[in-house]
Amino acid sequence: MSGWEAYVRKVVPYVPGEQPGQQGVIKLNTNENPYPPAPGAARVLREFDADSLRLYPEPDCGTLVRAIAEYYGLSPEQVFVGVGSDDVLAMIFLTFFNSEKPICFPDITYSFYDVWADMLRIPYRTKALDASFRIRKEDYYGESGGVIFPNPNAPTGELMELPEIADILAHNRDVIVVVDEAYIDFGGESALPLIGEYDNLLVVQTFSKSRSMAGMRIGYAMGNAKLIRYLNDVKYSFNSYTMNRTALACGVEAIRDKAYFEETRNRIIATREWTKGELKKLGFSFGDSKSNFIFAAHKTVPAQEIFDALRREQIYVRHFNKERIDNYLRISIGTQAEMETLIAFLGSYLTALSEDGQSSDGHCETEQEPENNRE
Ligand code: PMP
């Protein structure tokens with residue numbers, strides 16, 4: 001080992017889902033939206049004045065901040081924007097999780113939290129979800145350096161109701177509580193109305209899922225003006241020009257087009273509910289996801305086998321090789337047609353397996369229920 005290597009900040013990085021390059025793939029592995037962004041965003045790109053790229057973008061992201069504030073009925077001082085909610089969350093970790101006491105988050109959750117904590121040397125403690133993969137609010141009552149959880153949680157899709165979140169806030173008055181609402185638009189109730197009552201609450205959302213703009217990288221945090229000021233101080237100390245000109249202009253169009261947002265969001269919800277019914281008929285079990293994905297286990301066939309079979313068909317879903325969840329697949333909701341293709345394939349694949357009486361690795365099928373059979 002060279003001498004300098006002792007001084008490297010060594011990290012185990014987050015591993016994002018695969019982005020297969022080839023055409024014709026059904027991509028249900030990274031919770032993207034299958035529909036295009038709002039037409040106004042495409043128009044901005046078509047008409048974009050490339051000459052303006054000579055100039056730095058607005059450091060305060062003012063046009064986009066104002067548009068988001070207007071949409072939610074907030075003042076611009078209550079909104080912070082960043083390069084996807086990953087950037088926003090990283091800034092939040094850096095700014096607010098600065099205590100000797102460990103921050104708390106669920107054991108099964110967004111797998112970036114422990115990566116940021118490790119990178120920034122933030123102590124943390126994970127709290128086990130219950131047997132139905134639900135967050136137990138009581139686990140977050142004790143002293144800590146802060147609390148963060150997604151709602152709905154990822155990758156489970158389980159939603160917490162607002163009174164439970166208010167209860168966690170009431171028990172954590174002296175630390176920052178972050179509710180990561182990447183998937184809230186697909187059927188949950190946002191904690192945003194609580195920011196007036198709790199000056200320690202940050203609600204984080206993204207344009208990547210319900211607004212079909214994962215490729216543009218826009219995320220935002222909402223909270224009281226003091227929190228947002230602290231967040232901006234750290235952001236300006238790190239990189240003052242985070243958002244590029246095209247992202248700012250497209251973001252404004254996307255947030256203003258409420259009708260398009262509602263139409264595509266409702267289509268995804270309808271397809272999700274249809275997919276739940278079909279998966280159930282095929283012997284899958286899952287919680288009542290309120291997100292744009294379903295986290296499902298099959299009653300007899302191991303997740304890894306189904307994952308491999310789907311991949312051979314060019315259908316990509318996500319499988320986490322992690323304790324407690326390694327028999328589950330996280331299936332993002334695509335278009336209705338994509339989900340019909342998925343279900344048709346699973347139907348014939350599972351039928352062929354049961355006719356063989358064996359799973360594909362040669363083991364005899366057993367009638368054992370999966371450990372977490374909740375339906
Ligand atoms: N939070 C959660 C729970 C997520 O699943 C994701 C998506 N990977 C993000 C935040 C980050 O999304 P983005 O950076 O695209 O806004």
Side-chain angles (χ1 to χ4, degrees), residues 13-19 27-34 37 41 61 64 68 79-94 97 103 105-117 126 129 133 135 147-160 165 177-188 190-191 202-222 231 235 239 242-244 247-248 250-251 254-255 261 268 287 289-295 316-320 322 325 328-333:
Y14 170 74
V15 183
E18 210 175 331
Q19 292 291 345
K27 198 172 170 304
L28 309 174
N29 67 332
T30 47
N31 298 341
E32 288 139 333
N33 194 310
C61 308
L64 181 55
I68 293 171
V79 177
F80 173 86
V81 303
V83 189
S85 53
D86 281 343
D87 178 45
V88 174
L89 290 164
M91 288 295 122
I92 288 172
F93 271 61
L94 193 53
F97 293 160
I103 62 166
F105 49 83
D107 64 338
I108 298 166
T109 194
Y110 186 32
S111 45
F112 226 137
Y113 299 161
D114 56 353
V115 173
W116 286 313
T126 58
L129 299 180
F133 284 170
I135 290 172
V147 173
I148 180 165
F149 54 86
N151 195 43
N153 195 9
T156 63
E158 295 286 346
L159 181 77
M160 249 180 139
I165 292 177
V177 176
V178 183
V179 184
D180 176 355
E181 295 188 347
Y183 303 102
I184 197 71
D185 291 328
F186 299 105
S190 173
L202 277 167
V203 174
V204 177
Q205 295 195 10
T206 177
F207 281 42
S208 298
K209 317 293 178 183
S210 57
R211 290 176 208 277
S212 303
M213 286 174 71
M216 197 47 101
R217 314 304 301 126
I218 304 174
Y220 50 108
M222 298 173 285
L231 206 42
K235 165 228 156 114
N239 175 3
T242 49
M243 308 290 291
N244 69 60
L248 292 172
C250 289
I255 195 85
F261 157 75
I268 290 166
S289 169
K290 297 289 184 206
S291 57
N292 67 338
F293 53 84
I294 298 170
F295 196 55
Y316 286 70
V317 298
R318 191 103 195 242
H319 176 241
F320 298 92
K322 200 180 161 196
I325 58 169
Y328 283 79
L329 296 173
R330 192 195 66 190
I331 305 168
S332 308
I333 304 300

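When a residue number appears, it is its place in the shown sequence, counting from 1. Values below: all heavy atoms of this structure, side chains included; hydrogens, waters and symmetry mates excluded. Worth saying up front: this structure is predicted, and the values here are computed from it rather than measured. In each ligand, atom 1 is the first atom listed, and ligand 1 is the first ligand listed.
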Would you confirm whether the ring centroid of Phe93 sits within less than 6.0 angstrom of the ring centroid of Phe112? no

So, Asp86 versus Tyr14: side-chain donor-acceptor pair below 3.5 Å or not? no

Would you say Glu18 and Asn29 make side-chain contact, with heavy atoms under 4.5 Å? yes

Pair Tyr220 and Phe207, ring centroids less than 6.0 Å apart: yes

Check: Met213 and Cys250 side chains under 4.5 Å, non-hydrogen atoms: yes

Looking only at side chains, do Thr30 and Lys27 share a donor and an acceptor under 3.5 Å apart? yes

Residue contacts for ligand 1, heavy atom to ligand atom, distance under 4.0 Å: Gly84, Ser85, Asp86, Leu89, Tyr110, Pro150, Ala154, Asp180, Ala182, Tyr183, Thr206, Ser208, Lys209, Arg217

